[in-house]
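One structure is given here, and the rest of the page talks about it.
Numbers for residues simply follow the sequence, beginning at 1. Keep in mind the model is a prediction, meaning the values are calculated, not measured. Values below: all heavy atoms of this structure, side chains included; hydrogens, waters and symmetry mates excluded.
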Amino acid sequence: MNEEIPKKDTRASIKVCLQPSCCQKGAQNVYTALRQGFAPEEALITESPRCLSGCKNGPNIAINDNIMQGVKPITVVEVVRSELNNPSCK
């Protein structure tokens, strides 16, 4: 009998706050940039099911549950890749 052990999902988890306050500051563009900048096998990019707080500093994202505030669509992919190389983000 050949039982396969399920593989652990090693993709990064990136959640984007799309609540009204963050959307007014460009969160939808951040979400789009992340979806275009990461292959599906690299990262699971989803809408955050809740507000990530710090609304006045938005748009906000959570990378493996580490919250980043004030991200910009033009630099978000580079910033997230850099953050993912940080051992504390794993």
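- Between I61 and K15, every side-chain heavy-atom pair lies at or beyond the 4.5 Å cut-off.
- Counting Ile, Leu, Val, Met, Phe, Trp and Tyr side chains that sit under 4.5 Å apart, directly or through other members, I67 shares a hydrophobic cluster with L52.
- Going from atom CD of Q19 over to atom CD of Q24 covers 11.5 Å, rounded to the nearest 0.5 Å.
- Separating the OH atom in Y31 from the CG atom in L18 is a distance of 7.0 Å, to the nearest 0.5 Å.
- Two residues are said to be in side-chain contact when any heavy atoms from C-beta on lie closer than 4.5 Å; N64 and L84 meet this criterion.
- Atoms NZ and SG, from K56 and C22 in turn, are 13.5 Å apart once rounded to the nearest 0.5 Å.
- Taking each heavy atom of P73 and A33 in turn, the nearest pair found is O-CB, 3.6 Å.
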- Task: Would you please test S48 and R50 for side chain to side chain contact (heavy atoms under 4.5 Å, CB included) and show each step?
- Result: CA-CA 5 Å; S48 177; R50 61 179 176 76; 4.1 Å; yes
Exercise answer: donor-acceptor pairs, residues 75-82 side-chain atoms, under 3.5 Å, sequence neighbours excluded:
residue, atom, partner, partner atom, Å
R81, NH1, E42, OE2, 2.8
R81, NH2, G37, O, 2.9
R81, NH2, E42, OE1, 3.4
R81, NH2, E42, OE2, 3.3

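- Side-chain contact between M68 and I63 is present, with heavy atoms from C-beta onward closer than 4.5 Å.
- The two residues P59 and G26 have their closest heavy-atom pair at CG-C, 4.0 Å.
- With rounding to the nearest 0.5 Å, the separation of CG in L34 from CD1 in I45 is 5.0 Å.
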